[in-house]
Amino acid sequence: MFVGTKIVRNLHRMSKISKIAAQLHHAQRQQQPIAQFSTQQALTLIEAYEVQHELMKLRCQEGETLIGVKMGFTSEAKMQQMGVSEMIIGQLSDAMFVSNGGSVHRSHFIHPRVEPEIAFRLKKDITQPIELHEVLDYVDGIAAALEIIDSRYENFKFSLEDVVADNCSSAAYAIGIMQEPLAVLTDLDMSLIINGNTVESGSSNDILGNPWKSLVAASALATKYKLTLKAGHIVLAGAATSAHFIKEHNEISAEVAQLETVFFRMLP
Ligand code: OOG
Ligand code: MG
């Protein structure tokens with residue numbers, strides 16, 4: 001009797017997780033925003049990561065490959081803009097890749113925003129939390145990056161659990177030319193430039209005081225929530241500034257001192 005009740009409860013939970021994942025997947029594929037879940041039903045953070053895994057499973061079943069992770073809310077500016085105050089981690093796939101100097105179509109998104117970031121390329125697998133003094137052992141390239149986020153929720157409004165379930169609003173990313181890792185990544189000016197105008201500016205210090213700390217945090221969150229970090233994978237450190245809405249005919253670049261500028265164009 002007891003075992004039966006437990007199985008029924010588990011089935012109920014599984015169907016709740018896969019139902020939410022299916023709705024988020026559909027919203028992304030159709031560019032149709034949906035209402036946030038947390039206002040309608042209780043969703044724990046653990047369940048939210050289960051939804052995220054389920055969602056990425058659906059995308060992989062349709063041919064996508066996971067190529068890394070992105071950190072979110074590693075800066076004060078982002079936490080304040082979105083009203084969320086805990087770090088999150090999401091997954092990047094090859095289908096989200098935009099080539100440096102290339103373009104994306106506005107019509108592929110719901111309400112895209114862009115933000116300036118720093119990308120790390122891993123030279124070996126990370127299978128457990130690492131420490132700050134070890135980061136250089138794990139990275140063989142760094143670059144300026146641009147992330148396009150596109151919440152699948154109406155009005156870009158969400159709770160911590162909602163955004164985690166929605167794979168942390170991940171939509172696309174462009175990465176500049178990879179260069180040898182710089183041991184010191186503090187005090188680098190970072191700016192977001194749209195059609196020649198600087199629309200956001202900050203410093204690499206805005207990312208947890210030191211962007212390398214974001215890799216340390218990524219290793220801890222990936223271990224906790226079972227995300228894979230393999231040699232060759234990319235880790236986005238999180239935006240240094242608030243994100244900015246973008247539209248067709250925008251020419252967008254991120255400048256990070258000492259790194260090569262990254263650029264893409266948004267077509268209709
Ligand atoms: C969530 C994603 C946050 C970052 O860099 O902080 C993020 C969102 O703002 O929609 O990518
Ligand atoms: Mg980001």
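As the structure is a computational prediction, the values presented were derived from the model and not from experiment. Numbering of ligands and ligand atoms starts at 1, following listing order.
The residues Glu62 and Arg29 are annotated as salt-bridged, a charged nitrogen and a carboxylate oxygen being separated by less than 4.0 angstrom.
Heavy-atom proximity to Met82, at under 4.0 Å, picks out these atoms of ligand 1: 9 (O). Below 4.0 Å from some heavy atom of Val163 lie the following atoms of ligand 1, by number and element: 1 (C). Set against the non-hydrogen atoms of Ile149, the atoms of ligand 1 under 4.0 Å away are 8 (C), 9 (O), 10 (O), 11 (O). Of all atoms in ligand 1, listed by their number and element, those nearer than 4.0 Å to a heavy atom of Phe156 are 10 (O). Which parts of ligand 1 touch Phe158 is read off a 4.0 Å heavy-atom cut-off, strictly below it: atoms 8 (C), 10 (O). Residue Glu117 approaches ligand 1 through these ligand atoms, each under 4.0 Å from one of its heavy atoms: 5 (O). If you number the atoms of ligand 1 from 1 as listed, the ones under 4.0 Å from a heavy atom of Gly238 come out as 5 (O).
Contact between Leu146 and Leu192 at its shortest, heavy atoms only, is CD2-CD1, 3.6 Å.
A 4.5 Å side-chain heavy-atom check between Ile20 and Leu55 finds every atom pair outside the cut-off. Between His244 and Ile252, the closest side-chain pair of non-hydrogen atoms is not below 4.5 Å. Residues Ile148 and Phe264 have side chains in contact (heavy-atom distance under 4.5 Å, counting atoms from C-beta outward). Considering only heavy atoms from C-beta on, Trp212 comes within 4.5 Å of Pro181 through its side chain. Inter-residue side-chain proximity for Glu115 and Ile149 is flagged as met; some heavy-atom pair is nearer than 4.5 Å. Looking at Phe109 and Met266, their side chains come closer than 4.5 Å, going by heavy atoms from C-beta outward. The closest side-chain heavy-atom distance from Lys16 to Leu43 is below 4.5 Å.
Residue Ala239 has at least one nitrogen or oxygen atom sitting less than 3.5 Å from a nitrogen or oxygen atom of ligand 1, judged on distance alone. Considering backbone and side-chain N/O of Thr74, none are found under 3.5 Å from N/O of ligand 1. Looking at ligand 1, you'll find an N or O of Phe73 within less than 3.5 Å of one of its N or O atoms.
Contact annotation: for Val84 versus ligand 1, there are no heavy atoms closer than 4.0 Å.
If you check the side chains of Asp162 and Ser38, you find a donor sitting under 3.5 Å from an acceptor. A donor-acceptor pair shorter than 3.5 Å cannot be found between the side chains of Glu260 and Gln179.
When the N, O or S atoms of Glu117 are ranked by distance to the Mg ion (ligand 2), OE2 comes first. Glu147 contributes OE1 as its N, O or S atom closest to the Mg ion (ligand 2). Looking at Glu115 and the Mg ion (ligand 2) together, the shortest N, O or S contact belongs to OE2.
When Ser170, Gly72, Cys168 are ranked by how near their heavy atoms come to atom 2 (C) of ligand 1, first place goes to Cys168.
Scanning the protein for heavy atoms near atom 9 (O) of ligand 1, the closest one is Lys78 NZ, 2.7 Å. Nearest protein neighbour of atom 10 (O) of ligand 1, counting heavy atoms only, is Ser169 OG, 2.7 Å. Considering only non-hydrogen protein atoms, atom 4 (C) of ligand 1 sits nearest to Glu115 OE2, 3.2 Å.
Ring pair His111/Phe156 is tilted by interplanar angle, where 30° to 60° counts as tilted.
Distances from ligand 1 to the non-hydrogen atoms of Met71 include at least one value under 4.0 Å.
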